[in-house]
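Computed from heavy atoms alone, side chains included, the values below leave out hydrogens, waters and symmetry copies. All of these numbers come straight from a predicted model, not from anything done at the bench.
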Amino acid sequence: YSVYQTLTGKLLYSLVFPSMNSNILPALSPDGNLLAIAGKDACTYKHLNERPYLDITDDSLGHISILELPSGKIKTELKSKGLCNHGFMMFNPTGKILAIANRMWGYIQLWNTNKGILLQTIKSRVNMLHTLNFSHDGKLLVFCEYGAFIWDIHAASIIRKLPSKT
């Protein structure tokens, strides 16, 4: 993976995964200052042929590391037996909450990225999550399994269900 400055097209850094054992995709915060990756003690910042890159060296199940960019310094580690492969992650618009979806077990965890505290666990009706996204103000989370659901983060409840067309 590579991260570019969108206005100039300049390469900021690349992510090097020596072994792609993890099936959790990394997530970049909207401001580009945080990166969530699967693994603990996972990152070293290096230069290769004058190109900066983050070398992801460990892929430990049950750990998500929140890294500060561009230094690669670990800001927070999230630890839970429920954090495993076969998922995806997304930051809310402020970068203060990270949603981690476990596709195979059918739940979403919401984490405080500053303190590493689990805020909420959302269990889906079936064990097959397809996608998730935050609203522009970060108050709602939309997730899809077979149909779409709108989750109110403050109330910790589903406020709307949209059925599947299939």
Steps toward side chain to side chain contact (heavy atoms under 4.5 Å, CB included) verdict (Asp152, Lys139): CA-CA 6 Å; Asp152 183 314; Lys139 294 179 181 179; 5.9 Å; no
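- The shortest non-hydrogen separation linking Ile97 to Thr113 is C-CG2, 4.0 Å.
- Atom CD in Gln109 sits 10.0 Å away from atom CG in Leu98 (nearest 0.5 Å).
- Nearest heavy atoms, Met90 versus Phe134: O-CE1, 3.5 Å.
- The number of heavy atoms from other shown groups lying within 6.0 Å of NZ (Lys96) does not exceed 12.
- Considering every non-hydrogen atom in both Ser135 and Pro93, the closest pair reads O-CG, 3.4 Å.
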Which is it for Trp151 and Leu140 under the side chain to side chain contact (heavy atoms under 4.5 Å, CB included) test, yes or no, and what are the steps along the way? CA-CA 6 Å; Trp151 182 265; Leu140 303 175; over 6 Å; no
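- No single ILVMFWY cluster, assembled from side-chain heavy atoms under 4.5 Å apart, contains both Trp111 and Val142.
- One distance of note links OG of Ser65 with NZ of Lys73; it measures 13.5 Å at 0.5 Å rounding.
- Side chains of Phe149 and Cys144 form no contact here, defined as non-hydrogen atoms less than 4.5 Å apart.
- Within the 4.5 Å cutoff, the side chain of Ile100 has heavy atoms near those of the Leu78 side chain.
- Applying side chain to side chain contact (heavy atoms under 4.5 Å, CB included) to Leu141 and the options Asn133, Ile150, Ile122 leaves one that passes, Ile122.
- Partner Leu67 forms a side chain to side chain contact (heavy atoms under 4.5 Å, CB included) with one of Leu34, Thr76, Ile37 and no other, that one being Ile37.
- Taken to the nearest 0.5 Å, the CD1 atom of Ile117 stands 5.5 Å off from the CG atom of Asn112.
- Put simply, the side chain of Ile153 reaches to within 4.5 Å of the side chain of Leu110, judged on heavy atoms.
- The heavy-atom pair separating Leu162 from Arg160 by the smallest distance is CD2-NE, 3.7 Å.
- Here the closest non-hydrogen pair linking Lys161 and Ile158 is CG-CG2, 4.0 Å.
- For Ala27 against Met89, the heavy-atom pair with the smallest separation is CB-O, 3.5 Å.
- Within the model, atoms OG1 of Thr121 and CG of Leu119 stand 9.5 Å from one another, a figure rounded to the nearest 0.5 Å.
- Under the 4.5 Å side-chain criterion, counting only non-hydrogen atoms from C-beta, Lys75 is in contact with Asn114.
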